[in-house]
Amino acid sequence: MQWSTRPGPAERAADPGSRPREVDARTFRELMSGFPSGVAVVTTVDEEGAPRGMTCTSLCSVGLQPPSLLVCLENRSGTLRAAVSRGAFAVNLLHTAGRRAAAGFSTPGPDRFSDVEWELVEPHGLPRLSSDAHATAVCRVLRTVPSGDHTVVLGAVEHVVTAEAPRPLLYGRRRYATWPSG
Ligand SMILES: Cc1cc2nc3c(=O)[nH]c(=O)nc-3n(C[C@H](O)[C@H](O)[C@H](O)COP(=O)(O)O)c2cc1C
């Protein structure tokens, strides 16, 4: 019989020295800061009929049939709770002039909507940031998938409102930026 001198999976698991080091939150944030994205404000309406919203960059296209996207929202988020309860949310894609809205919707405050222009749009009666967004996608919640400290919310896009198309707002390397002109 031939004996291997190389440790098998069981020995490797028992030896902490050979385990890959865990990636801490700082390293992960640093990694993702090198992956710039657009900036959205996810909006909805809560059980009391009050508008809710938060800045969100973890937004991703999912598929075409049906047109669908996903956002990842922190489990403690009031916006997440309200969106799940209403079964719908809107994704407001910010343009360059929406930088203030991005800051406002990521900072705790009494009423994030008092500083922005907004209106309700159908089919779900959701807030659209009429001055800060160059496009708004109205979504029905298809499914939620818990994943650690966040929840993935999949939405079917049921309606799209577009405005003039100024340059999109970007976020990466921990700061906002503007899509180059031309
Ligand atoms: C540029 C930027 C992007 C953000 N993206 C997300 C995100 O994708 N998901 C998330 O849960 N929080 C994100 N946040 C943090 C939330 O906007 C922030 O925690 C907000 O206060 C949550 O609001 P709520 O708890 O009232 O719903 C982001 C913040 C900034 C500044």
Side-chain angles (χ1 to χ4, degrees), residues 23-62 68-118 120 124-129 131-157 166-180:
V23 172
D24 58 30
R26 195 159 153 246
T27 306
F28 183 64
R29 279 205 190 96
E30 183 64 30
L31 171 78
M32 296 313 294
S33 79
F35 189 65
S37 66
V39 183
V41 172
V42 173
T43 55
T44 191
V45 173
D46 69 16
E47 289 96 329
E48 277 80 47
R52 301 295 301 238
M54 63 183 279
T55 304
C56 171
T57 50
S58 56
L59 161 65
C60 179
S61 158
V62 172
S68 47
L69 54 76
L70 66 78
V71 290
C72 302
L73 306 182
E74 220 254 318
N75 292 339
R76 290 172 302 182
S77 155
T79 309
L80 168 66
R81 197 168 47 247
V84 170
S85 152
R86 193 167 187 91
F89 62 98
V91 174
N92 294 269
L93 306 182
L94 300 186
H95 54 67
T96 306
R99 201 177 287 217
R100 244 184 95 219
F105 278 90
S106 58
T107 313
D111 181 7
R112 292 170 173 173
F113 285 82
S114 60
D115 265 357
V116 295
E117 281 180 33
W118 61 282
L120 292 176
H124 295 285
L126 301 176
R128 176 176 102 84
L129 303 190
S131 294
D132 297 295
H134 64 83
T136 302
V138 179
C139 304
R140 175 173 49 86
V141 174
L142 285 173
R143 183 189 300 185
T144 59
V145 183
S147 179
D149 56 356
H150 280 60
T151 297
V152 183
V153 184
L154 283 139
V157 179
R167 290 177 283 163
L169 182 62
L170 305 175
Y171 188 77
R173 293 272 175 225
R174 296 193 192 85
R175 58 188 175 159
Y176 295 101
T178 302
W179 186 265

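As the structure lists them, so they are numbered: ligands from 1, and atoms in each ligand from 1.
- At under 3.5 Å, not a single nitrogen or oxygen of Tyr171, backbone or side chain, sits near a nitrogen or oxygen of ligand 1.
- In this structure, the protein non-hydrogen atom closest to atom 11 (O) of ligand 1 is Glu74 N, 2.8 Å.
- Ligand 1 does not have Ala102 within reach: every non-hydrogen atom of the residue lies 4.0 Å or more from it.
- Residue, atom and distance of the protein heavy atom nearest to atom 9 (N) of ligand 1 are Cys72 O, 2.9 Å.
- Protein heavy atom closest to atom 7 (C) of ligand 1, with residue, atom name and distance, is Ser58 OG, 3.5 Å.
- Near Tyr176, with a cut-off below 4.0 Å to any heavy atom, the atoms of ligand 1 are 1 (C), 31 (C).
- Within the 4.0 Å cut-off (strictly below), a protein heavy atom is located near atom 17 (O) of ligand 1.
- For atom 29 (C) of ligand 1, the nearest non-hydrogen atom of the protein is Ser106 CB, 3.8 Å.
- The stretch residues 69-89 participates, sequence neighbours left out, in these side-chain hydrogen bond (donor to acceptor under 3.5 Å, both in side chains) pairs: Glu47-Ser85, Glu74-Arg76, Asn75-Thr151.
- At the shortest separation from atom 6 (C) of ligand 1 among protein heavy atoms lies Thr55 O, 3.5 Å.
- When the options Leu70, Val42, Leu93 are evaluated for a side chain to side chain contact (heavy atoms under 4.5 Å, CB included) with Leu59, the one that passes is Leu93.
- Any N or O atom pair closer than 3.5 Å counts here, and Val39 shares no such pair with ligand 1.
- Within the structure, ligand 1 lacks Arg76 among the residues with a heavy atom less than 4.0 angstrom away.
- Distances between N or O atoms of Arg112 and those of ligand 1 include at least one value under 3.5 Å.
- Scanning the protein heavy atoms around atom 10 (C) of ligand 1, the nearest turns out to be Met54 CE, 3.3 Å.
- Below 3.5 Å of separation, one finds an N or O of Thr57 facing an N or O of ligand 1.
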